[in-house]
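In what follows, chains are A, B, ... by sequence order, proteins preceding strands, each numbered from 1. It should be emphasised that the depicted structure is a prediction, and the values quoted were computed from it without experimental measurement.
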Amino acid sequence: MTDNFLYQQARLSRDPRFDGSFYVAVKTTKIFCRPICPATLPLEKNVEYFVMAQQAMQQGYRPCLRCRPDSAPSSNAWQGIATTVKRASRLLHDYHELSISEIAKKLGIGERYFRQLFKDQLGVSPKQFQLFDQILFAKHLLHQSNLSIEQVAQSSGFNNARRLQIQMKKVTGLSPSQVRQQQHHIEQDIQLSMAFRPPYNWPHLRDFLALRAVPNIEQIEHDSYARTFILGNCKGWFQARYDGHKNHFKLHIKLNDIRYLTKVLRNIERVLDVAADIQGIQQQLSLSGIPLEQLTEGLRLPGIWEPFEAGCRAILGQQISVKAAINLVSQLVDELGEKTDETNYFPSPERVATSDLLFLKIAASRRQTLVAFTTFCLQHPNASIDDWLSIKGIGPWTVAYAKLRGSSSPDIWLDTDLVIKNQLDKFSINAEYARPWRSYLTLQLWNLA
DNA sequence: GAATTCCCCTG
DNA sequence: CAGGTGATATTG
């Protein structure tokens, strides 16, 4: 299989996970693009692939004006709309006293477009976003300072105490003085829909997650998945309700720092794997030799909220059954999870590091691995999952599993997995032909077991 | 919501 | 290169 063939698969799917790894040049127009470019897909006979943008430039190609392949990855131009939304939420947070139209002016875009774009991307209007942020700031002042209510109102961008009172009641149901007295936990309930590209095999994803659900963290119903999460300094909860007719999830999100909304949405997209082009992926999988009638329609990669959690689950799951593993994870959560207001969260590395983990009835060496892993995560917060290989007790299987579930890498082939090995004996499969979607092949084979 | 801009295909 | 098509991003 040639590299070109892999590039072709990747570009046809427009999967963002391949963004930045190569560029597509169109011979007929002498323009080159990123694999995610929204423009009409060029015919294969007209394209040529490059690993670096400069190579394309040298061959006389001009960068596309839509996807800006000439800009540096993760630069402002590269992120396109995302940058505008990011700047917008930053401005809304920094300038509570500015009106929406003044913010739009600062952004250099029309007010109408600002509203539309913001609501479209975040499911919350700029005004709601700003109001909730103001309320949180006011609450902070009420608790942490002895400013008068009038002063708090002024500082948080409300013109007077009356205005603060009205808005605070609207968001929290309480007056400012009540908020000051009680240690009340404020959360905004955000609702929006998140589209996916059909087919989407919801029962499979649901059952997969249900089998591995950690009590008090995750809740699963016949048509919904919910869990608590921590992202940076933000704590929250989300529930995704599947709607197969409208091809979307109905999302409920609660969080205590609205500035994280974008990141939270990105991660939910990943956990539910809504962006994958399943149709194209399945075509690719059929080339590997897996019998077509055995291929389950619409299988997605069930994600874990973040790599650290995936790592803990993987380590505690080494060599034992799923059920036994979840028991251990559950003990870890009960013992060390961060509990606030009846709600439990998966423990951070910091919290795991405070414990000797003796409450886990596992082999000492396994416990050692978990300690070493946690320490590693604390010391190298920006390390990639591949770097975990240097930790004693973490081998290729654990790393691969964590990448598949914790970062939703599309091309992880778990050929060291026992279940997969058994399946390979049953069918004559050449996984090479499933590239770059071998994670999906792994899922398919697990599903058949 | 129409109009414009951009990209790609075909002849 | 001209003329036609689909798909954004953005404005009025």
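Summarising the geometry, the separation between CG on A:Asp120 and P on C:dT10 is reported as 12 Å, rounded to the nearest angstrom. Distance, A:Arg66 CZ to B:dC8 C1': 10 Å, rounded to whole Å. One interatomic measurement links the two molecules: CD of A:Gln121 to C1' of C:dA9, which rounds to 11 Å at whole-angstrom precision. Look at CD1 on A:Ile109: it is 7 Å from P on C:dT11, rounded to the nearest Å. Between the P atom of C:dT8 and the CZ atom of A:Arg68 lies a distance of 18 Å, rounded to the nearest Å. Taking atom NZ on A:Lys27 and atom P on B:dC9, their separation rounds to 11 Å, with Å as the unit. To the nearest angstrom, P of C:dT10 lies 15 Å from CZ of A:Phe118. Computed from coordinates, the A:Phe114 CZ to C:dT10 C1' distance equals 15 Å when rounded to whole Å.
At a threshold of 4.0 angstrom between heavy atoms, the contacts of A:Ile81 are confined to the sugar-phosphate backbone, with no base atom among them.
Ring to ring, A:Phe376 and A:Phe308 are not that close: their centroids are 6.0 angstrom or more apart.
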Report all side-chain donor-acceptor pairs from residues 399-408 of chain A shorter than 3.5 Å, counting only partners two or more places apart or in another chain.
| unit_1 | atom_1 | unit_2 | atom_2 | d |
| --- | --- | --- | --- | --- |
| A:Tyr401 | OH | A:Arg405 | NE | 3.1 |
| A:Lys403 | NZ | A:Asp386 | OD1 | 3.0 |
| A:Lys403 | NZ | A:Asp386 | OD2 | 3.3 |
| A:Arg405 | NH1 | A:Pro302 | O | 2.7 |
| A:Ser407 | OG | A:Lys403 | O | 2.9 |
| A:Ser407 | OG | A:Ser409 | OG | 3.1 |
| A:Ser408 | OG | A:Arg270 | NH1 | 3.0 |

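Near DNA chain C, defined here as any heavy-atom distance below 4.0 Å, the residues from residues 28-62 of chain A are A:Pro38, listed numerically.
Here the shortest heavy-atom pairing between A:Leu107 and A:Ala88 reads CD1-CB, 3.7 Å.
Looking at DNA chain C, the stems built from 3 or more consecutive Watson-Crick or G-U wobble pairs, each pair with its key distances under 3.5 Å, are B:8-11 with C:1-4.
Atom CZ of A:Arg180 is separated from atom CG of A:Leu142 by 5.0 Å, given to the nearest 0.5 angstrom.
Legend: residues meeting side-chain hydrogen bond (donor to acceptor under 3.5 Å, both in side chains) with A:Arg17, ordered by chain and number and at least two apart, are A:Asp15, A:Tyr440. Looking at residues two or more places apart in sequence or on another chain, you find a ring-ring contact (aromatic ring centres under 6.0 Å, His included) between A:Phe229 and A:Trp305. For the ring-ring contact (aromatic ring centres under 6.0 Å, His included) test, residues two or more places apart in sequence or in another chain that qualify with A:Tyr7 are A:Phe22, A:Tyr49.
Taking the ring axis of A:Phe132 as reference, the NZ or CZ atom of A:Lys127 does not stay both within 45° of it and closer than 6.0 Å to the ring centre.
At least one donor-acceptor pair closer than 3.5 Å links the side chain of A:Gln284 to the backbone N or O of A:Tyr433.
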